[in-house]
Amino acid sequence: MSEKRDYYEVLGVERTATSTDIRKAYKRLALKFHPDRNEGSEDASAKFKEATEAVQILSDDARRGRYDQFGHAGVEAGASSGGPDFFSHFQDLFADFFGGGGGGSGGGARARAPARGRDIRVEKQLTLEEAVLGCKRDVELVTPVECGGCAGSGAEKGTTPQTCRTCGGAGQVSTGRGFIVFSQTCPGCHGQGTIIASPCRKCDGAGWEEKLRTVMVTFPAGIDQGHRLRVAGQGMPGPRGGPAGHLYVDVGLAPHARFEREGVELITRQTIPFADAALGTSLRIALLDGSSLEVTIAAGTQPGSVVTVADHGAPNVNGRGRGALHVVVQVEVPKKLTKRAKKLLEELQLELKGGDHDHSVRTA
Ligand SMILES: [Zn+2]
Ligand SMILES: [Zn+2]
């Protein structure tokens, strides 16, 4: 990497610039080089970081003083550049500019909308009937909501969180020895900047509580295991009035007693007596929608044969077409025979063996 540029040069301000000038200069650069506006540009990202680092130092009187006196060596010893701390810092700075206060000074190409709330993902298991026919079902989610007892502050009613005395509300403390300055999370408030002397009893000071929420979700006909439905705006509420996140519902399928499913194909197994398989028969199959279907089993049907009935499977979830119903025929061999049944079978056996039997009789 090349030599570090002078912070004043980076921001394009005089060494005599006021702190207002410095912040203004930074804002201009930040708007120009912010990663959101320069997707994938490493150059912009580097410039943005450089400007952010510069404003961090120059907007802090003590650090600016050390910088003026000793240059980069006065402010950077021990501080790794670009660590997570660095980023949380610049996000805070950025929030100062764009969050909350002041109704934008116009001009801005795209207004800084408040961030969207987080998405929530839940699983919902449907029966095969519900999935194939479509349904509306309640989906329950547990989400944190602002505590009603303290309106989210975490402090007991009638009290307010106090600014931390250790860090003066910054959430960070710096310890200096010579030029070397270490920043660390404030041990007094754990980085919060405030201390809650009497925590809200309802939420134990957390500021939020868990609430069970029910969302009615429409599952379209043909939805299947592994599909994911998006319900817009039913995720977590956005911070500072931002739009809510989305709810994603991952669909699972409960096993069914009579049908298996492979995509839009439905499979059912039907057992028929071996005589029916030999002679041919017809089967009435109860379908998922409550209707029934007659299926013809041809004479001489073999065990494991499949009879396919088009357009009686599951619908395609996009509404186009429908799969087939496959009837797998299983043939049952009787395990117990009456005397008469046995005799008849033996006769049948002889009959089926035909000429072979006559021949063996003659030669015996
Ligand atoms: Zn509370
Ligand atoms: Zn503190």
Side-chain angles (χ1 to χ4, degrees), residues 7 11 17-27 30 34 48-49 51-68 74-104 112 114-115 117 144 146-177 179-209 237-242:
Y7 287 146
L11 294 176
T18 64
S19 63
T20 311
D21 293 337
I22 285 167
R23 287 176 83 84
K24 263 190 197 159
Y26 172 66
K27 186 175 177 180
H34 192 268
F48 183 67
K49 277 191 200 173
T52 303
E53 194 187 334
V55 78
Q56 275 186 269
I57 302 300
L58 298 187
S59 62
D60 176 327
D61 283 346
R63 292 163 102 186
R64 185 178 176 183
R66 282 195 301 275
Y67 179 74
D68 286 344
V75 288
E76 72 187 349
S80 67
S81 60
D85 252 358
F86 176 71
F87 276 91
S88 65
H89 262 300
F90 89 58
Q91 276 167 355
D92 288 348
L93 276 166
F94 223 66
D96 284 350
F97 288 138
F98 297 112
R112 279 277 142 176
E146 191 179 271
C147 170
C150 59
S153 76
E156 183 64 19
K157 247 195 187 121
T159 74
T160 48
Q162 301 299 308
T163 302
C164 173
R165 275 191 217 146
T166 311
C167 63
Q172 295 254 324
V173 285
S174 305
T175 43
R177 283 192 201 92
F179 307 155
I180 305 174
V181 178
F182 296 99
S183 274
Q184 63 176 103
T185 302
C186 171
C189 61
H190 306 289
Q192 297 297 303
T194 53
I195 287 179
I196 295 169
S198 32
C200 166
R201 261 168 280 175
K202 206 171 165 201
C203 66
D204 259 340
W208 53 273
E209 51 188 342
R240 278 180 276 152

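As the structure is a prediction and not an experimental result, all values here were calculated from the model.
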(message) Give me the atom names and distance for the closest heavy-atom approach of C167 to V173.
(response) CB-CG1, 3.8 Å
(request) Identify the heavy atoms of L11 and A51 that sit nearest to each other, and give their distance. (result) CD2-O, 3.8 Å
(message) Could you work out, with salt bridge (charged side-chain N to carboxylate O under 4.0 Å, His left out) as the rule, every residue matching R201, not counting sequence neighbours?
(response) E156
(request) Quick one: closest heavy-atom pair of C189 and G171, and the distance? (result) SG-CA, 4.2 Å
(request) Kindly compute the distance separating SG (C147) from CD (E209), expressed to the nearest 0.5 Å. (result) 4.5 Å
(message) To the nearest 0.5 Å, what is the distance between OG on S198 and NZ on K157?
(response) 13.5 Å
(request) Would you name the heavy atoms of C150 and G154 that are closest together and state the gap between them? (result) SG-N, 3.2 Å
(message) If I take atom CD1 from residue I57 and atom OG1 from residue T52, how far apart are they, to the nearest 0.5 angstrom?
(response) 11.5 Å
(request) Please report the closest heavy-atom contact between T166 and C186, naming both atoms and the distance. (result) CB-SG, 3.7 Å
(request) May I have all residue pairs that pass side-chain hydrogen bond (donor to acceptor under 3.5 Å, both in side chains) and include part of residues 188-197, sequence neighbours excluded? (result) none
(request) Taking D68 for its side chain and G65 for its backbone only, find out whether a donor-acceptor pair lies under 3.5 Å. (result) no
(request) Would you name the heavy atoms of A155 and T159 that are closest together and state the gap between them? (result) CB-OG1, 3.4 Å
(request) Please lay out, stage by stage, how S59 and S19 fare under the test side-chain contact (heavy atoms from CB on, under 4.5 Å). (result) CA-CA 6 Å; S59 62; S19 63; 5.7 Å; no
(request) Check R64, E53, R63 against Y7 for a side-chain hydrogen bond (donor to acceptor under 3.5 Å, both in side chains) and give me the one that passes. (result) E53
(message) Nearest 0.5 angstrom please: K24 NZ to I22 CD1, how far?
(response) 12.5 Å
